[in-house]
Peer 1: 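Could you have a look at this structure, given as structure tokens, before my questions?
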Number of protein chains: 2
Amino acid sequence: MVTLAQVARHAGVSPSTVSYVISGKRSISQDTRLRVERSIAELGYHPHAGARALASNRSNVIALMIPLRTDMFVPVMMEIAIAITTTARRYAHDVLLLTSEEGPSAVKRIAASGLADAMILMDVELEDERIPLLRQTGAAAVLVGLPADPAGLTCIDLDFEATGRLAADHLADLGHREVALVGAAESVYRRHTGFAERTLAGFRQQAEARGLSFLHRPCGVGHEAATGTLSRILAERPGTTALVVQNESAVPHLLNHLRQSGRAVPEDISVVAICPDDVALHSTPQLTSVSIPAQEMGRRAVELVMAQASGRQHTTGLTLLSPVLTPRESTGPAPRPL
Amino acid sequence: MVTLAQVARHAGVSPSTVSYVISGKRSISQDTRLRVERSIAELGYHPHAGARALASNRSNVIALMIPLRTDMFVPVMMEIAIAITTTARRYAHDVLLLTSEEGPSAVKRIAASGLADAMILMDVELEDERIPLLRQTGAAAVLVGLPADPAGLTCIDLDFEATGRLAADHLADLGHREVALVGAAESVYRRHTGFAERTLAGFRQQAEARGLSFLHRPCGVGHEAATGTLSRILAERPGTTALVVQNESAVPHLLNHLRQSGRAVPEDISVVAICPDDVALHSTPQLTSVSIPAQEMGRRAVELVMAQASGRQHTTGLTLLSPVLTPRESTGPAPRPL
DNA sequence: GTGAAAGCGCTAACAT
DNA sequence: ATGTTAGCGCTTTCAC
């Protein structure tokens, strides 16, 4: 193993000089810097992470806690996780993956062991058990999602209330009067993961403001669940002319069920999806959608947590990304009543 | 921060005793052990990861390299990653997440920095750039997937050749004579990720042995791609009575297209999917499938890499999990020719 | 602009 | 069965 001392000897300088060349924490003459850098390259030196963490009290690692659950749309989580990881590298950090299996105590373990010096928590619940521990350890942390009481915490999420309002407005503008919201799995609502409830609240608010009547139904995973939910909606409210879908995995089933039951999209029924762009683009017809900006959420989460960890500021507060609705082929004017 | 020395003082023993209580590397009297354990709990002590790594030359971290690509079925990757993470915890290890963005040099960086003492590589290509570096650093490593030349490497994967043969046999047993394989995205074949080609090879071999004629077509993502691929297959070979599908994201579209074109499954056409069980179970009809044992692959990958890292054995070799085909509702006897 | 040296918290000989 | 102690490789004063 190549050590800093070896690099120093090779370059004919002292160990501290090598250290300072690497960290840039004091000015070095052009000449020395070059010699040291050449030695580093030549010997293939990489600083020992443990030694560095021990001496500097910073691990250069961000812990990422992801849920074990499978009732969320997995590709979105994965995209966020990947965006976090690649962004972290830009800050010379690595990402440690933790699952919720270990429970809230993982927060304590990570903080106390100095394994990571910042944490990003995904799948935050309204009353998340990890939050008290977070407050008590005072670790730099960012939540992806909103808890009930975000005071003193740094959170980032899509503004789902605005998302619900946006969808309602879009449909109201098109003249729809009777609409339905096909939501996430029931377990998601039961668990009080904020996003589903916030979307519903925003949608309800604006639906009422715009005089829309609407129905909300959760929807489980799989073909049966999706078609069953849709049939029941259409049976109960035959006058429904538009659907808002906040359930990526149900999208193909829903579209197919509409096709099969002889309803044309958007002529007979309009569809707005809340989903990543690629899902919307790969559907037929391409879906009018409010996109889930997974990449941006991951990137911003890292930026927020790095700002905190570097002590530059305690950006304690909410970052709510504004939803963007992209009209595509799946929404159109409400059909004239028969 | 609570240190080992503080625990020692609190328990009235020497630091090394505390260390040995924790590691179990030498026998401790019942009495001392209890006192030390109580002190640890009382003070909320967690060993400093960096210090431990520095002193012991072991980080207790497994690096997991995942692909950035999105043409693989994401939920399977995620399930493997989660299984790896939870299994790693059973070995008192954590998982460091690396993406392929950093390139092959990540292997060098991790090995040289001592950040991880073992690596698991996913999405292995036949001529994977990371392999030479792996051989040269001599790091403990397990590949999920098979490269062209696995000599000296430890690999684990589903036995996709046997999977192909199994599917062919199942259909031949049911009397089918003309079958088609709906494969992964074309990019997957171009990149020479082994699994798709191996499935095809196994399927071809057994199809020939059993006298099946067959067609193979890659299939991209999305509704258009899936239905287009299927229409073309049926146009080209109207006598096709069975489909093997190695493309999870195409499954719902395929089933719907069959339904819509008036073909009953399995009366008119049988379908065998190569997919995780939950995809098979959530389809209608439930699919006869060869399951992708994501959990087991993750778990076994950790076991293999731990065995290696602990030096107990260099299990250099392939672990090919035997495929299991579960007959469900989507396959039946070949229809009598008209 | 550069060097010397004191730790960081732990492990693992080497003691007894 | 337990204690003493010398590092592990790095960062960071302190000194010039």
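Only this structure's heavy atoms are used, side chains among them; waters, hydrogens and symmetry mates stay out. Note that the structure is predicted; figures quoted are calculated from it, not measured. Labels below follow one simple rule: chain letters A, B, ... track the order of the sequence lines, proteins then strands, and each chain is numbered from 1.
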Peer 1: Scan residues 13-21 of chain B against DNA chain D and write down, sorted by residue number, each residue with any heavy atom closer than 4.0 Å; if none is found, say none.
Peer 2: V13(B), S14(B), S16(B), T17(B)

Peer 1: If you apply the rule salt bridge (charged side-chain N to carboxylate O under 4.0 Å, His left out), what do you find for E102(B) with R89(A), and how did you get there?
Peer 2: CA-CA 8 Å; E102(B) 199 178 342; R89(A) 287 303 305 147; 3.5 Å; yes

Peer 1: Can you list the steps and then say if D128(A) with R191(A) is a salt bridge (charged side-chain N to carboxylate O under 4.0 Å, His left out)?
Peer 2: CA-CA 10 Å; D128(A) 203 294; R191(A) 174 167 16 109; over 6 Å; no

Peer 1: Can you work out whether S27(B) or V2(A) has the more 5'-proximal nearest nucleotide on DNA chain D?
Peer 2: S27(B)

Peer 1: Rounding to a whole Å, what distance do you find between R9(A):CZ and dA4(C):C1'?
Peer 2: 15 Å

Peer 1: To the nearest Å, how far apart are I22(A) CD1 and dT12(D) C1'?
Peer 2: 14 Å

Peer 1: Can you tell me how far the CD atom of Q308(B) sits from the OG1 atom of T154(B), to the nearest 0.5 Å?
Peer 2: 3.5 Å

Peer 1: Using atom CG of D117(A) as one end and atom P of dC8(C) as the other, report the distance to the nearest whole Å.
Peer 2: 19 Å

Peer 1: Separation of D31(B) atom CG from dA1(D) atom C1', in whole Å?
Peer 2: 11 Å

Peer 1: Could one point to a donor on the side chain of R26(A) or the base of dG3(C) with an acceptor on the other under 3.5 Å away?
Peer 2: yes

Peer 1: Quick one, which residues of residues 43-58 of chain B touch DNA chain D with a heavy atom under 4.0 Å?
Peer 2: L54(B), A55(B)

Peer 1: With distance as the sole criterion, is a donor-acceptor pair present between the side chains of S16(A) and S19(A) under 3.5 Å?
Peer 2: no

Peer 1: Determine the contact category for S23(B): base if any of its heavy atoms lies under 4.0 Å from a base atom, sugar-phosphate if only primed atoms, P, OP1 or OP2 are that close, otherwise nothing.
Peer 2: nothing

Peer 1: What's the verdict on salt bridge (charged side-chain N to carboxylate O under 4.0 Å, His left out) for D157(A) and R300(A), showing C-alpha distance, side-chain angles and the deciding distance?
Peer 2: CA-CA 10 Å; D157(A) 207 350; R300(A) 300 277 301 262; over 6 Å; no

Peer 1: Is it true that the side chains of H10(A) and S39(A) contain a donor and an acceptor less than 3.5 Å apart?
Peer 2: yes

Peer 1: I need the CG-C1' distance between L115(A) and dG9(C), as an integer number of Å.
Peer 2: 14 Å

Peer 1: What is the distance from NZ of K25(B) to P of dG3(D), rounded to the nearest Å?
Peer 2: 19 Å

Peer 1: How about R135(A): does its CZ atom have over 12 heavy atoms from other parts shown lying under 6.0 Å from it?
Peer 2: yes

Peer 1: Mind calculating the distance between CG (L4(A)) and C1' (dA5(C)) to the nearest angstrom?
Peer 2: 14 Å

Peer 1: Does the salt bridge (charged side-chain N to carboxylate O under 4.0 Å, His left out) test come out yes or no for E125(B) and R69(B), once each step is laid out?
Peer 2: CA-CA 13 Å; E125(B) 299 180 21; R69(B) 301 193 188 83; 2.8 Å; yes

Peer 1: Take S322(B) and D159(B), measure what side chain to side chain donor-acceptor pair (under 3.5 Å) needs, and give me the verdict at the end.
Peer 2: CA-CA 6 Å; S322(B) 296; D159(B) 187 340; 6.0 Å; no

